[in-house]
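One structure below.
If you're wondering where the values come from, they're calculated on a predicted model, not measured in any experiment. Residue indices begin at 1 and follow the sequence shown.
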Amino acid sequence: MQENKTSLINECNFGGVSPAIVQLPYPPIQVKEKNRSYADLLSIDHSGSVSEVSAITQYISNQNYLSQSQCTVAKTILSIAIAEMMHLQKLGELMLLLGGEVDFTAQYRGGKRKMWTPAYLTLSQNLREMMLAGIESERAAINQYRMHIQMIQDSYVNAVLHRIIKDEEYHIVLLQALTQ
């Protein structure tokens, strides 16, 4: 009896993919003092509907679909996902320094807590739709970071958020180029 096997051979080699970041250093990860309300704001950037966790998950899904047929595009998407992982790590460190928790729960005003869910994602198997969803997500993240910068009176935290925004703006440029 012969066994039927289906396998996908992926010729796309992801070794050596670097993060898609602006070539500027990140500020040191430090805070003026503990501030739970600031940590809660960052938890939204970390694990809310518009968040680094959402971006990473959406980009990895896109990269999986694209790696079988469009290796160069898949590598670019993976490089963006790696940059988002770096942002996630920096936000987590800031949250802990501010006295918060890193539990993939966004802490909203009034004590409302909401755990991250894949329902936040916009998934597609169409390249153009993927790129447009990515651009929209990046713009929403930039707007949210800017709003949080207005609310946070800690120059150390805000410096990191400003630096992350530079990467998000660069991601928009990359994604727009892929929609051409």
Side-chain angles (χ1 to χ4, degrees), residues 14 16-64 76-123 133-172 174-175:
F14 292 104
V17 173
S18 299
I21 59 173
V22 174
Q23 294 305 308
L24 295 170
Y26 287 93
I29 303 299
Q30 58 188 354
V31 300
K32 286 184 182 177
E33 59 190 8
K34 288 188 182 230
N35 185 318
R36 184 60 192 245
S37 66
Y38 294 170
D40 290 350
L41 287 172
L42 295 183
S43 76
I44 297 167
D45 299 320
H46 186 276
S47 301
S49 60
V50 174
S51 69
E52 299 299 339
V53 173
S54 293
I56 292 163
T57 308
Q58 187 161 309
Y59 287 134
I60 292 297
S61 175
N62 293 345
Q63 175 270 313
N64 288 157
T76 301
I77 299 302
L78 180 59
S79 72
I80 295 171
I82 294 168
E84 305 295 6
M85 290 177 207
M86 293 171 62
H87 301 163
L88 183 76
Q89 184 268 337
K90 292 174 186 323
L91 291 173
E93 286 185 351
L94 287 170
M95 289 162 54
L96 292 172
L97 289 173
L98 290 165
E101 299 170 16
V102 179
D103 59 3
F104 298 92
T105 301
Q107 309 289 330
Y108 295 95
R109 288 185 180 173
K112 181 181 173 189
R113 296 168 43 109
K114 190 160 184 186
M115 181 160 278
W116 184 86
T117 172
Y120 294 151
L121 305 178
T122 302
L123 300 177
I135 291 166
E136 183 179 316
S137 297
E138 296 288 352
R139 286 182 177 147
I142 291 167
N143 289 337
Q144 183 170 281
Y145 279 127
R146 286 182 177 149
M147 182 177 66
H148 289 168
I149 288 168
Q150 295 292 318
M151 300 167 79
I152 295 172
Q153 302 302 310
D154 183 320
S155 58
Y156 298 122
V157 173
N158 284 341
V160 174
L161 299 182
H162 279 292
R163 176 59 188 81
I164 289 172
I165 287 172
K166 290 183 184 312
D167 288 340
E168 307 298 17
E169 291 170 337
Y170 178 52
H171 297 164
I172 291 171
L174 292 173
L175 294 167

Set of residues satisfying side-chain contact (heavy atoms from CB on, under 4.5 Å) with respect to I44, sequence neighbours excluded: A106, Y108, Q144, H148
CD (Q30) with more than 12 external heavy atoms under 6.0 Å: yes
Min side-chain heavy-atom separation R36-E101 under 4.5 Å: yes
Side chain to side chain donor-acceptor pair (under 3.5 Å) contacts touching residues 150-159 (sequence neighbours left out): none
Q107: side chain to side chain donor-acceptor pair (under 3.5 Å) partners, not counting sequence neighbours: none
Residue pair S18 / S79: nearest heavy atoms and the distance that separates them: O-CB, 2.9 Å
Gap between atom NE2 of H87 and atom CD1 of I21 - 0.5 Å precision: 7.5 Å
Pairs satisfying salt bridge (Lys or Arg N to Asp or Glu O under 4.0 Å), at least one member in residues 156-166, at least two apart: R163-D167
S54: side-chain contact (heavy atoms from CB on, under 4.5 Å) partners, not counting sequence neighbours: S51, W116, Y120, L121
Contacts of type side chain to side chain donor-acceptor pair (under 3.5 Å), residue S37, not counting sequence neighbours: N35
Where at least one partner belongs to residues 31-51, residue pairs that pass ring-ring contact (aromatic ring centres under 6.0 Å, His included), sequence neighbours excluded: H46-F104
Nearest heavy atoms of P27 and V160, plus distance in Å: CG-N, 3.9 Å
Partners meeting side chain to side chain donor-acceptor pair (under 3.5 Å) with Q89 (sequence neighbours left out): E93
Least distance between heavy atoms, A20 atom then L174 atom: CB-CD1, 3.7 Å
4.5 Å side-chain heavy-atom contact, I77 and L175: yes
Interatomic distance, L161 atom CG to D45 atom CG [nearest 0.5 angstrom]: 6.5 Å
Nearest-0.5 Å distance that lies between atom CD1 in I152 and atom CE in M147: 10.0 Å
Gap between atom CD1 of I164 and atom CG of L91 - 0.5 Å precision: 4.5 Å
Straight-line distance of E138 CD to Y59 OH, nearest 0.5 Å: 3.5 Å
Taking every non-hydrogen atom, the tightest pair across S137 and V50: O-CG1, 4.5 Å
Heavy-atom pair with the smallest gap, counting every atom of I142 and E168: CG1-CB, 3.6 Å
Residues which pass side-chain contact (heavy atoms from CB on, under 4.5 Å) with A133, listed by chain and number, not counting sequence neighbours: Q58, T122
Pairing residues for R146 by the side chain to side chain donor-acceptor pair (under 3.5 Å) criterion, not counting sequence neighbours: E169
M115: side-chain contact (heavy atoms from CB on, under 4.5 Å) partners, not counting sequence neighbours: T105
From CD1 (I56) to OG (S61), nearest 0.5 Å: 13.5 Å
Residue pair K34 / L97: nearest heavy atoms and the distance that separates them: CG-O, 3.4 Å
